[in-house]
Amino acid sequence: MSTQKKILITGGAGFIGSHVVRLFINKYPEYQIYNLDALTYAGNLENLKDIENAPNYHFIKADIVDEKAMLDLFAEYKFDSVIHLAAESHVDRSIEDPLAFVRTNVIGTVNLLNAFRNTWKGNFEGKLFYHISTDEVYGTLGATGLFEETTPYDPNSPYSASKASSDHFVRAYGETYGMPYVVTNCSNNYGQNQFPEKLIPLFIHNIKNNKPLPVYGDGKYTRDWLYVVDHARAIDTVFHDGKEGETYNIGGFNEWQNIELIRVLIKQMDEKLGRPAGESEKLITYVTDRPGHDRRYAIDANKIKNELGWEPSVTFEQGLSITIDWYLANEEWLNNVTSGDYQKYYDGMYAER
Ligand code: NAD
Ligand code: DAU
């Protein structure tokens, strides 16, 4: 869709953002890629070591909550397109500190929209604001049914409420100011470089270290899982071929109850660690549930599949195996991000359960 070449990617030092930056840097050497990131606990420039010296890569350390900084940066660089991933992304943290999510996810997004609007002043030909969102905005499903692009918003956590709010602002800027935009709502991602507060990397870390696996509630909550590189491929597809003003759901056609997923993870980990089959199942520990815990997410990703020809490239078992291998081979990355402040967060979060 966008033919323009000066692209701002926000949150590019985070989990999904780093995969998107890498894909764009390697696939489109003719594009100039600006990675803007505040480097919060979740942002890590080590994620981009392999491409940091590429001639088309530029890093800007800035906070999207800083209105003046956003206006100044857009005035200076005149970004043609924005792929907006920067966010507070962890549901448990949003329950502890909702305002942090309002600041970054709502105010930060509106600051970017204003700066984009201010730069192009209605002359939006060939420009694009691409907002990355989540399936959590749709709320929770019963035992059957799928989230479609037309499913009404019904967010249940401070995180999903803040993401829903930002989605609404993006659409409102499209309607009110004619700003060209596209929104995608994706299911749970997993893969290399995910911060180990999220289920899969946390459990890989704990299995490896023979630590308890804290399963929330009865463990029968359901999520759809997508390998992060496939999400980055979907973002590339929508950025180039998506229809302006549209929403696309992105998912893995891959639903799992948490406890079943944990058993598959344990099976692969025990094999890779040379432990007897099923040995790490003894680490499963049922703990107090997450408040407002959504029972089931499931995505109908047929629109992006049928209209834009995207579909996942790996099976869940393949993606999981690549992911585990990466974490086992990158102990230093894991140790760096799990020391210091994260250890305090972990001890506090799980002591309460
Ligand atoms: P992440 O937490 O790993 O990374 C977020 C990045 O944003 C970090 O690099 C962080 O430093 C940066 N950031 C945070 N606050 C900032 C601020 N105020 N200014 C500038 N940078 C800031 O997140 P993720 O899992 O990679 O998610 C990226 C996006 O994708 C988010 O918008 C999230 O809502 C969405 N999403 C995530 C998933 C998932 O499963 N992880 C699924 C669907 C959608
Ligand atoms: O659906 C997309 C969303 O997926 C993204 O928008 C979010 O940014 C991302 O964090 C993720 O949200 P979830 O809350 O689904 O992910 P999380 O990894 O935190 O939890 C996955 C499931 O596992 C959920 O049902 C809660 C459960 N869980 C999680 C943790 C961290 C546990 O049982 N124990 C745990 O320790």
Side-chain angles (χ1 to χ4, degrees), residues 9-21 35-45 47-48 60-66 69-70 83-95 100-101 103-105 107-109 111-112 131-138 140 147 157 159-160 162-163 166-167 184-191 193-203 206 212-226 228 231-232 235 250-251 256-259 261-262 284-290 293-299 346 349-350 353:
I9 299 182
T10 69
F15 167 48
I16 301 170
S18 60
H19 288 276
V20 175
V21 168
N35 169 18
L36 185 156
D37 201 296
L39 299 181
T40 68
Y41 79 94
N44 187 347
L45 288 177
N47 296 349
L48 292 166
I60 302 170
K61 184 172 186 304
D63 186 338
I64 60 171
V65 180
D66 184 340
M70 291 309 107
I83 305 179
H84 175 36
L85 296 109
E88 287 292 338
S89 68
H90 192 38
V91 173
D92 290 327
R93 287 184 191 254
S94 82
I95 295 166
F101 285 67
R103 278 185 215 107
T104 288
N105 299 359
I107 296 172
T109 300
N111 281 341
L112 289 170
H131 179 60
I132 307 297
S133 192
T134 170
D135 62 354
E136 301 203 7
V137 298
Y138 298 123
T140 188
F147 293 138
S157 72
Y159 164 67
S160 53
S162 70
K163 291 296 290 186
S166 62
D167 294 11
T184 50
N185 296 83
C186 189
S187 62
N188 286 60
N189 284 217
Y190 69 95
N193 302 105
Q194 186 170 31
F195 196 82
E197 62 190 352
K198 308 282 166 60
L199 181 75
I200 289 182
L202 173 66
F203 278 35
N206 285 10
L213 304 176
V215 178
Y216 296 168
D218 64 3
K220 293 188 179 159
Y221 292 84
T222 299
R223 298 288 182 267
D224 171 276
W225 293 90
L226 179 67
V228 64
H231 189 187
I235 289 172
I250 304 172
W256 289 87
Q257 269 192 1
N258 291 342
I259 192 67
L261 180 155
I262 291 160
I284 292 175
T285 309
Y286 288 91
V287 299
T288 307
D289 210 349
R290 170 187 281 175
H293 198 171
D294 286 328
R295 191 65 170 166
R296 176 170 167 260
Y297 303 147
I299 277 269
Y346 187 85
M349 177 67 68
Y350 289 91
R353 291 184 184 274

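All ligand and atom numbering here is 1-based and tracks the order in the structure.
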Look only at the side chain of N189 and the backbone of S187, and say whether a donor-acceptor pair between them is shorter than 3.5 Å.
yes
Protein neighbours of ligand 1 with a heavy atom under 4.0 Å, given by chain and number, are G11, A13, G14, F15, I16, D37, A38, L39, T40, A42, G43, A62, D63, I64, V65, L85, A86, A87, S89, T104, I132, S133, T134, Y159, K163, C186, S187, N188, N189
What class does the angle between the rings of F147 and Y297 fall in, given that below 30° is parallel, 30 to 60° is tilted and above 60° is perpendicular?
tilted
Using a 3.5 Å distance criterion without hydrogens, assess whether the side chain of N47 forms a donor-acceptor pair with backbone atoms of A13.
yes
Side chain of N105, backbone of E88: donor and acceptor closer than 3.5 Å?
yes
The side-chain contact (heavy atoms from CB on, under 4.5 Å) partners of I107 (sequence neighbours excluded) come to N111
Decide whether a cation-pi geometry holds between R93 and Y41; the criteria are a distance under 6.0 Å from NZ or CZ to the six-membered ring centre and an angle within 45° of the ring axis.
yes
As a quick check of understanding, evaluate salt bridge (Lys or Arg N to Asp or Glu O under 4.0 Å) for D135 and K163, giving each step before the final call.
CA-CA 10 Å; D135 62 354; K163 291 296 290 186; over 6 Å; no
Checking T10 side chain against L85 main chain: does a donor-acceptor pair fall under 3.5 Å?
yes
For Y350, check ring pair (Phe, Tyr, Trp, His ring centres under 6.0 Å) against everything at least two apart and list the hits.
Y346
Using a strict cut-off of under 4.0 Å between a residue heavy atom and any atom of ligand 2, list the qualifying protein residues by chain and number.
S89, H90, V91, T134, D135, E136, Y159, C186, S187, N188, E197, K198, L199, L202, F203, P214, V215, Y216, Y221, R223, N258, R290, H293, Y297, Y350
